[in-house]
Amino acid sequence: MTKAVRLLALLCLGLWMLQTATGQTYKCDGRLVMSANTTAAMRTFTVDFGPFFTIGYLPVSTHFGEDFNAIGFNPGDNFLYGVRKNTNSVVQLRSDGSFAVVGTVPIVSELAAYAGDCSPDGRYLCHDNGLNQLLVFSVLENFALEERIDLFWSPASGNSDPFTTRLDDFAIDPNDPTTAYAVQGRGNFDPDLLPLSTGGFLLAINIDLDDPNVGMVTPIGPVGLGMTRVGSLFFNANGVLYGYGSQASGNSALDNRLIRINLQTGAANSVATGPSALASDGCSCPYSLSIFYSAEPLVATCTDDEVTYFLNIINRSFLPLTDVVLTDTIPEGMRFEEIGGEFVGTI
């Protein structure tokens, strides 16, 4: 007699394996990547969460004599992309401290971009504070400005004036890439931080190009903690939003506070302090492919026992997995009795 086997396949949202990193690329491993700008250089760190609530800032690269902003991690090639200060150039940043200009933006002589990120499909987005628009670029092959998105306040926000507030950073939600999150700065006298009614709020930005409401900005709630600026926003591999910024105001304000932000309420918890920076910027590659097997029960000792195998594929790329072949070895004498579960695709 043979033992019967029941195989249950489950598919969860998740991602494909990104290309292998080389010496010049950054690692797409879900860790937070933060740049700290000083007068001499821009230094890039990874934020590592260790045991017993310890936080480490491990240096990765240094760009001497350069200043870049609006940085995003591109999962299409594992490089960082950003804007070179005082230019209209979009650049590719490499882990060895070098960079390359991938294109210039002819619609402006100088980009006033502080906030940026890359989409799961490899586009680079930045917010230009002079144009008050989100600019969408193709950067992986031929450089091109593909879209210019006008931002406007949600009618439910109570803000009726045009959207002109400065964005210091934004991060695209890895669980919903049609939404980006930003934090409005706080200030009574800086016109770039108005309106006062939503100062210090977490903002949700609709970046769905197929939605007629693309560009709509919806305030969620105050971040609190006395944060006057959140120069860095980044998601970890679990879809948790973190920020890095300052609790001080004025020209002497330094970014040195790591916070965790609730996407539903905007409220933040203080996590740790870190390297002080005149300005910071953050990004991450919160995309991964994970495959898990498990079996119930773990031990089968009798004939005609049934064993259920669970297969979980966690794909957070929002790209299709095609021509995937999973191979496993089943002990001789076992047979498949049933295949089922919530699976989108073809088995």
Side-chain angles (χ1 to χ4, degrees), residues 26 31-49 53-73 80-86 93 112-117 126-127 129 165-171 180-190 192-193 199-203 222-236 240-262 266-284:
Y26 291 80
R31 289 190 292 180
L32 310 182
V33 180
M34 187 190 75
S35 68
N37 289 335
T38 65
T39 55
M42 188 192 84
R43 291 181 169 82
T44 302
F45 304 84
T46 58
V47 183
D48 287 13
F49 293 80
F53 307 103
T54 58
I55 306 292
Y57 300 88
L58 302 182
V60 179
S61 63
T62 301
H63 291 83
F64 290 102
E66 294 289 346
D67 194 349
F68 305 101
N69 217 322
I71 293 173
F73 195 121
L80 307 186
Y81 285 81
V83 171
R84 192 181 187 187
K85 187 177 180 180
N86 299 325
L93 303 177
Y114 313 104
D117 202 2
C126 68
H127 172 257
N129 196 54
T165 192
R166 185 183 73 229
L167 299 181
D168 291 325
D169 200 12
F170 65 79
Y181 290 91
V183 175
Q184 181 180 330
R186 296 169 56 196
N188 294 331
F189 307 104
D190 187 344
D192 282 346
L193 302 180
F201 272 49
L202 178 69
L203 309 176
V223 170
L225 298 179
M227 300 298 296
T228 57
R229 178 179 65 216
V230 181
S232 303
L233 283 171
F234 20 37
F235 281 93
N236 70 4
V240 177
L241 180 64
Y242 287 87
Y244 196 84
S246 177
Q247 294 174 312
S249 58
N251 296 330
S252 61
L254 297 176
D255 288 1
N256 61 4
R257 175 68 60 178
L258 181 67
I259 61 175
R260 175 174 174 165
I261 304 173
N262 186 305
N269 296 319
S270 180
V271 177
T273 56
S276 295
L278 297 173
S280 69
D281 203 354
C283 59
S284 64

Hey, could you give me the [atom1]/[atom2] distance between [X] and [Y], rounded to the nearest 0.5 Å?
X      : Y      : atom1 : atom2 : answer
Ser276 : Asn256 : OG    : CG    : 4.5 Å
Asp48  : Thr54  : CG    : OG1   : 9.0 Å
Phe235 : Tyr181 : CZ    : OH    : 6.0 Å

Practice task
Return yes if a side-chain donor-acceptor contact under 3.5 Å exists between Ser249 and Thr228, otherwise no.
Solution key: no
With distance as the sole test, does [X] use its side chain to make a donor-acceptor pair with the main-chain N or O of [Y] at under 3.5 Å?
X      : Y      : value
Ser246 : Ala248 : yes
Asp255 : Ser280 : yes
Asp281 : Ala70  : yes
Asn129 : Ala112 : no
Ser284 : Asn236 : no

Handout entry: Tyr242 and Phe49 aromatic centres sub-6.0 Å
Key =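 They qualify: ring centres under 6.0 Å apart.
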Exercise for the section: Check the pair Lys85, Asn37 against side chain to side chain contact (heavy atoms under 4.5 Å, CB included), reporting the backbone distance first and the verdict last. Expected result: CA-CA 12 Å; Lys85 187 177 180 180; Asn37 289 335; over 6 Å; no
Exercise for the section: For Leu203 and Leu167, run side chain to side chain contact (heavy atoms under 4.5 Å, CB included): C-alpha distance rounded to whole Å, both residues' side-chain angles, the deciding distance at 0.1 Å, then the answer. Expected result: CA-CA 10 Å; Leu203 309 176; Leu167 299 181; 4.2 Å; yes
Between [X] and [Y], what is the shortest heavy-atom contact and its length?
X      : Y      : value
Asp117 : Ala171 : OD2-CA, 3.4 Å
Ala272 : Tyr57  : CB-OH, 4.3 Å
Gln184 : Leu193 : NE2-O, 3.0 Å
Phe73  : Cys283 : N-CB, 3.6 Å
Arg229 : Leu278 : NH2-O, 3.5 Å
Gln247 : Leu225 : NE2-O, 2.8 Å

Minimum side-chain heavy-atom gap [X]-[Y] below 4.5 Å:
X      : Y      : result
Leu202 : Ile261 : yes
Val47  : Ile55  : yes
Met34  : Leu258 : no
Thr273 : Arg257 : yes
Thr165 : Asp192 : no

Problem - Test side chain to side chain contact (heavy atoms under 4.5 Å, CB included) applied to Ser61 and Tyr26, step by step - result: CA-CA 10 Å; Ser61 63; Tyr26 291 80; 2.8 Å; yes
Problem - side-chain contact (heavy atoms from CB on, under 4.5 Å) against Glu66, all qualifying residues, sequence neighbours excluded - result: His63, Phe68, Arg84, Phe99
Problem - Derivation of the side chain to side chain contact (heavy atoms under 4.5 Å, CB included) call for Val183 and Asp168 - result: CA-CA 8 Å; Val183 175; Asp168 291 325; over 6 Å; no
Handout entry: Residues that Arg43 engages under salt bridge (charged side-chain N to carboxylate O under 4.0 Å, His left out), provided they are two or more places apart
Key = none
